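Note that the structure is a prediction, hence the values are computed from the model and not measured.
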Amino acid sequence: MSSGWVKSWQCKSKAFDDVYNPKLMSSYSCRRSTQNLKDVINTKKPKPKKREPDPVSTRIRSSVVVRDPLLPTLTELAEGHQSRNVVEIIFQTSWGPKPFPGRIDMIFKVQNGSKTLTRFEEYREAVKTKSREENARSVADGNETMRFYCLGPSYGGGAWGILGGKGGGASIYTFAGSCMAHDKAGGGKGRKAMLLCRVIAGRVLKQNELRYDSVDSDVRSRFDSLSGDDGELLVFDTRAVLPCFLIVYRL
């Protein structure tokens, strides 16, 4: 499925560049510039207290803001934007055999920090180096795919990630379809948020039933991720996941 998505971006150059070009988008494409994930997901915000503005603090806030090289920022894609249209199609068509029953409220492009991008590419090169000729995809590009990561309740351990374990290190679950990601994160109605991510799958160990407790140091030394029958993929390194788009939807 992921290869089809990448082909759809290649037919739309601007949309493809939004995923694979880390440069910031032009300002005309956003109604809200940089925002934090917390600002988007929280629907209940406390009422601000009325107070007189302090001229000193106002001058400080108006100064140049230094961007954190690790923290991402968000740029909203307006309705009708070419990249937004492509992401909507990917999200809705991967929901499953039944049509997506809700609506998409907002879509943001994730602007990753320079250090995050560097870590992602360094991990890709590490995976390529470890891969052998029989793993052609891993040798070529680290076996990169597009997958979903739902920002919901914990799954399989805690907050979509698992710390520690037999093999040590942190791992992250991602899913091939948006509906499966939604269901595994707890499902339910209301406002939800999901990330569409680039994922370096590397050398994949396939299991009928994905079990994290089967991942030991030996498995980690021979494989980079673990896949199950439900479109689940457990990557053994957090650097393998690079968020590209944040989708805010309502059921």
*Could I get the full list of side-chain contact (heavy atoms from CB on, under 4.5 Å) partners for Cys197, not counting sequence neighbours?*
Tyr149, Leu195, Val199, Val241, Pro243

Below 4.5 Å, heavy atoms only, C-beta onward: do [X] and [Y] meet side chain to side chain?
X: Glu232; Y: Lys184; result: yes
X: Lys109; Y: Leu74; result: no
X: Ile107; Y: Val248; result: no
X: Leu251; Y: His182; result: yes
X: Glu79; Y: Glu88; result: no
X: Arg198; Y: Phe120; result: yes
X: Val235; Y: Ile200; result: no
X: Leu77; Y: Ser83; result: yes

_Test side-chain contact (heavy atoms from CB on, under 4.5 Å) on Arg250 and Ile104; report intermediate values, then the result._
CA-CA 6 Å; Arg250 188 182 299 274; Ile104 296 176; over 6 Å; no

*Are Phe91 and Tyr249 near enough that their ring centres are under 6.0 Å apart?*
yes

Atom [atom1] of [X] and atom [atom2] of [Y]: how far apart are they, to the nearest 0.5 Å?
X: Met106; Y: Ile247; atom1: CE; atom2: CD1; value: 12.0 Å
X: Trp95; Y: Ile90; atom1: CH2; atom2: CD1; value: 15.5 Å
X: Leu242; Y: Met146; atom1: CG; atom2: CE; value: 9.0 Å
X: Arg119; Y: Asn112; atom1: CZ; atom2: CG; value: 11.0 Å
X: Ser225; Y: Leu205; atom1: OG; atom2: CG; value: 8.5 Å
X: Gln111; Y: Leu117; atom1: CD; atom2: CG; value: 9.5 Å

_A quick test of your reading: do over 12 heavy atoms of other residues, nucleotides or ligands sit less than 6.0 Å from CZ of Arg222?_
yes

So which heavy atom on [X] is nearest to which on [Y], and how close?
X: Asp230; Y: Phe175; result: O-CD2, 4.5 Å
X: Lys206; Y: Ser227; result: CG-OG, 3.3 Å
X: Ser131; Y: Val139; result: CB-CG2, 3.9 Å
X: Ala181; Y: Phe148; result: CB-CB, 3.9 Å

Do the side chain of [X] and the main chain of [Y] share a donor and acceptor less than 3.5 angstrom apart?
X: Arg147; Y: Gly231; result: yes
X: Asn143; Y: Gly202; result: yes
X: Lys192; Y: Gly187; result: yes

*List for me each residue that meets side-chain hydrogen bond (donor to acceptor under 3.5 Å, both in side chains) alongside Tyr123, sequence neighbours excluded, and say none if there are none.*
none

*Applying side-chain hydrogen bond (donor to acceptor under 3.5 Å, both in side chains), name anything that partners Ser178, two or more places apart in sequence or on another chain.*
Ser94

_For residues 234-243, which residue pairs pass the salt bridge (Lys or Arg N to Asp or Glu O under 4.0 Å) check, not counting sequence neighbours?_
Asp237-Arg239

*Looking at Ile172, Leu226, Val204, which hits side chain to side chain contact (heavy atoms under 4.5 Å, CB included) with Leu233?*
Val204

*Residues Lys128, Glu125: salt bridge by 4.0 Å N-O rule*: yes

_Going by the rule salt bridge (charged side-chain N to carboxylate O under 4.0 Å, His left out), which residues pair with Asp141 if we only count those two or more places apart in sequence or in a different chain?_
Arg137

*asked:* Please enumerate all residues that pass salt bridge (charged side-chain N to carboxylate O under 4.0 Å, His left out) together with Arg103, with sequence neighbours excluded.
replied: Asp105

*Show the numbers, then the answer: is there a salt bridge (charged side-chain N to carboxylate O under 4.0 Å, His left out) between Asp224 and Lys130?*
CA-CA 10 Å; Asp224 304 300; Lys130 292 185 294 183; 3.2 Å; yes

*After noting the C-alpha distance and the side-chain angles of Ser171 and Arg220, does the key distance pass the side-chain hydrogen bond (donor to acceptor under 3.5 Å, both in side chains) rule?*
CA-CA 11 Å; Ser171 302; Arg220 285 178 177 270; 3.2 Å; yes

